Amino acid sequence: MSIPEFKVNFEVLHITQYLGQLIKEGRLKITGEYKKKVTYHDPCYLGRHNGIYDEPREILKKIPGFGAE
């Protein structure tokens, strides 16, 4: 996102993109086990409007003990 009047340029990330990046870089480690089965539903705005589908699923896969449907 660019704001010319303030002469700044920002990279805007959704929280799932940021968390996924931290996990990949090893800066965020998920150590606790969460033995639950979950169903994930894409929020319309996140998926349909922003095209963000993979990051939330990848984060869920990294949680030990999580069984996603």
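Any value given below was found using the heavy atoms of this structure, including those in side chains, with hydrogens, waters and symmetry copies removed. It should be emphasised that the depicted structure is a prediction, and the values quoted were computed from it without experimental measurement. We number each residue from 1, following the sequence as shown.
For the side chain to side chain contact (heavy atoms under 4.5 Å, CB included) test with Pro56, the passing option among Ile15, Leu19, Leu46 is Leu46; the others fail.
Considering only residues two or more places apart in sequence or on other chains, Glu55 meets the side-chain contact (heavy atoms from CB on, under 4.5 Å) condition with Thr16, Gln17, Ile52. Partners of His41 according to the ring pair (Phe, Tyr, Trp, His ring centres under 6.0 Å) rule, which considers only residues two or more places apart in sequence or in another chain, do not exist here. Shown here are the salt bridge (charged side-chain N to carboxylate O under 4.0 Å, His left out) partners of Asp54, two or more places apart in sequence or in another chain: there are none. The side-chain hydrogen bond (donor to acceptor under 3.5 Å, both in side chains) check on Lys35 picks up nothing, with sequence neighbours excluded.
Here the CG-OG1 distance, from Leu60 to Thr39, works out to 10.5 Å after rounding to the nearest 0.5 Å.
Contacts classified as salt bridge (charged side-chain N to carboxylate O under 4.0 Å, His left out) and involving residues 41-51 (residues at least two apart or in different chains) are given here: Asp42-Arg57.
At a threshold of 4.5 Å between side-chain heavy atoms, the hydrophobic network of Ile, Leu, Val, Met, Phe, Trp and Tyr places Tyr53 and Tyr40 in two separate groups.
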Under 3.5 Å, side-chain donor or acceptor atoms of residues 22-29 against the rest of the protein: list the pairs with distances, not counting sequence neighbours.
| from | atom 1 | to | atom 2 | distance (Å) |
| --- | --- | --- | --- | --- |
| Glu25 | OE1 | Arg27 | NH1 | 3.0 |
| Glu25 | OE2 | Gln21 | NE2 | 3.4 |
| Lys29 | NZ | Gly26 | O | 2.8 |

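Across all their heavy atoms, Ile30 and Pro64 have their closest contact at CG2-CD, 3.8 Å.
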